Protein chains: 2
Amino acid sequence: MQEHLTIRLDKVIHQKARLGIMSILMVMEETEFNYLKERLKLSDGNLSTHLSTLEKEKYIKIKKKFVKKKPKTLCHLTEKGRQAFLEYMNNLEQIIKSMR
Amino acid sequence: MQEHLTIRLDKVIHQKARLGIMSILMVMEETEFNYLKERLKLSDGNLSTHLSTLEKEKYIKIKKKFVKKKPKTLCHLTEKGRQAFLEYMNNLEQIIKSMR
DNA sequence: ACAAAGCACTTTGTATTTCAAAGTAAATAT
DNA sequence: ATATTTACTTTGAAATACAAAGTGCTTTGT
């Protein structure tokens, strides 16, 4: 019987910018807006909306602080986000494995 | 010095449906429209446009035949498509490796 | 023989997503 | 006091995704 290769990859994570954000948050715990922007070479607006998307999905939590009277946006993964990312990676590895 | 993790993944391949199509074509050489449609659970229209996208990019070649007086659409990877897919997979593996 | 249904797609229109230009608000420099 | 910079958010235009509707042929039923 033919199995269905219906590629099961979380839509929210399967996007270059958001994959990058999640990747960084997996290893960085507490990360600044500007760090992500610089590291991923995203425009302000682009990063802002992607962070909102991830926040809406409850994959990340966004904290706003003031440091030296300037706003500072900090992001970190939620447990849900961590799980979603791990599952995404596992799915991806399965796909890659099935190719080899 | 901080490296830039600008995720470098071919936009044409980095999409669930097209990733599925390419994956199948990597192992199947000559594949029918309806096979892809069934295997990937895509609607006719959706598959049709994704195949056109891949064809426009010269990642696949589409042949049209008649079999028992019915149209039959066959697809196969081009060498360019194969290379693009391999590079996509390598990039993906790098990203995964960098996560572990 | 003729209409109705089926098959194998493609085209079209709508909905969603992406992304950067423009906007906001506060701080700092001139 | 005004201009510039910093740190974002909002908005609107463009691209993308997808399914409903359309096309053109064939087969089936009556």
Side-chain angles (χ1 to χ4, degrees), chain A residues 4-25 30-57 59-76 84 88, chain B residues 4-25 30-57 59-76 84 88:
Chain A
H4 298 297
L5 183 152
T6 317
I7 295 208
R8 204 156 204 70
L9 290 174
D10 187 328
K11 203 182 180 185
V12 175
I13 300 179
H14 193 66
Q15 202 277 7
K16 282 152 62 150
R18 289 192 299 263
L19 182 55
I21 294 167
M22 295 290 279
S23 299
I24 291 175
L25 293 187
E30 201 80 335
T31 311
E32 291 175 29
F33 186 97
N34 281 326
Y35 176 83
L36 291 171
K37 175 186 156 190
E38 172 58 26
R39 188 97 187 272
L40 297 167
K41 298 290 181 207
L42 296 172
S43 69
D44 292 351
N46 199 1
L47 176 55
S48 181
T49 46
H50 284 308
L51 289 180
S52 294
T53 300
L54 291 171
E55 191 186 31
K56 224 174 277 168
E57 200 72 16
Y59 284 180
I60 67 171
K61 196 98 204 309
I62 299 179
K63 279 187 209 171
K64 276 154 201 308
K65 294 202 298 183
F66 280 89
V67 174
K68 285 187 191 178
K69 299 187 176 179
K70 284 181 193 167
K72 175 164 282 191
T73 295
L74 292 165
C75 320
H76 63 96
Y88 176 84
Chain B
H4 297 297
L5 182 153
T6 318
I7 295 209
R8 204 159 203 70
L9 290 174
D10 187 327
K11 202 181 179 182
V12 175
I13 300 179
H14 193 66
Q15 201 276 8
K16 282 152 63 153
R18 290 191 300 264
L19 181 54
I21 294 167
M22 295 291 279
S23 299
I24 291 175
L25 294 187
E30 199 81 334
T31 311
E32 293 175 29
F33 186 96
N34 280 328
Y35 176 83
L36 291 172
K37 177 186 154 189
E38 171 59 26
R39 188 97 188 272
L40 297 167
K41 299 290 182 206
L42 296 173
S43 69
D44 293 353
N46 197 2
L47 176 55
S48 182
T49 44
H50 284 308
L51 289 179
S52 293
T53 300
L54 290 171
E55 191 186 31
K56 224 174 275 167
E57 200 73 17
Y59 284 0
I60 69 171
K61 196 99 204 306
I62 298 178
K63 279 187 209 171
K64 276 153 202 308
K65 293 203 300 187
F66 279 89
V67 174
K68 287 189 191 175
K69 299 188 176 177
K70 284 181 195 169
K72 175 165 283 192
T73 296
L74 293 164
C75 320
H76 64 96
Y88 176 84

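A quick note: this is a predicted structure, and the numbers were derived from the prediction, not measured.
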Chemist: Verify the contact: side-chain N or O of B/Lys65 to OP1 or OP2 of C/dA8, cut-off strictly under 4.0 Å; return yes or no.
Modeler: no
Chemist: Strictly below 4.0 Å: does B/Lys64 bring a side-chain N or O up to OP1 or OP2 of D/dG24?
Modeler: no
Chemist: Compare side-chain N and O positions of B/Gln15 against OP1 and OP2 of D/dT16 and report whether any pair is under 4.0 Å apart.
Modeler: no
Chemist: Provide, to the nearest angstrom, the distance between the NZ atom belonging to B/Lys16 and the P atom belonging to C/dT17.
Modeler: 12 Å
Chemist: If you find the nucleotide of DNA chain C closest to A/His50 and the one closest to A/Lys68, which residue's nucleotide is nearer the 5' end?
Modeler: A/His50
Chemist: Starting at NZ of A/Lys72 and ending at P of D/dT6, how long is that distance when rounded to a whole Å?
Modeler: 14 Å
Chemist: Tell me, do B/Tyr59 and B/Leu25 make a side-chain contact under 4.5 Å, heavy atoms counted?
Modeler: no
Chemist: What is the distance, rounded to the nearest whole Å, between atom CG of A/Leu47 and atom C1' of D/dT10?
Modeler: 15 Å
Chemist: Using every non-hydrogen atom in the two residues, find where A/Ala17 and A/Leu40 come nearest and quote the distance to one decimal.
Modeler: O-CD1, 4.2 Å
Chemist: Examine D/dG24: is either OP1 or OP2 under 4.0 Å from a nitrogen or oxygen in the side chain of B/Lys70? Give yes or no.
Modeler: no
Chemist: Which residue lies toward the 5' end of DNA chain C, B/Glu32 or A/His14, if each is placed at its nearest nucleotide?
Modeler: B/Glu32
Chemist: Check every strand shown and say whether A/Lys37 touches a base, only sugar-phosphate, or nothing at a heavy-atom separation below 4.0 Å.
Modeler: nothing
Chemist: Quick one: is C/dC9 close enough that its OP1 or OP2 comes under 4.0 Å of any side-chain N or O from B/Ser48?
Modeler: no
Chemist: Determine whether the side chains of A/Asn46 and A/His50 contain a donor N or O and an acceptor N or O closer than 3.5 Å.
Modeler: yes
Chemist: Going by heavy atoms in the side chains, are B/Leu19 and B/Tyr88 under 4.5 Å from each other?
Modeler: yes
Chemist: From CG of A/Asn46 over to C1' of D/dA15, roughly how many Å is that when rounded to an integer?
Modeler: 13 Å
Chemist: Using whole Å, what does the distance between atom P of nucleotide D/dT10 and atom CG of A/Leu51 come to?
Modeler: 13 Å
Chemist: From CG of B/Leu42 over to C1' of D/dA17, roughly how many Å is that when rounded to an integer?
Modeler: 11 Å
Chemist: Using modelled atom types only, decide if a donor and an acceptor are shared between the side chain of A/Lys16 and the backbone of B/Leu9 within a distance under 3.5 Å.
Modeler: yes
Chemist: Output yes when at least one side-chain N/O atom of A/Arg18 is less than 4.0 Å from OP1 or OP2 of C/dT18, else no.
Modeler: yes
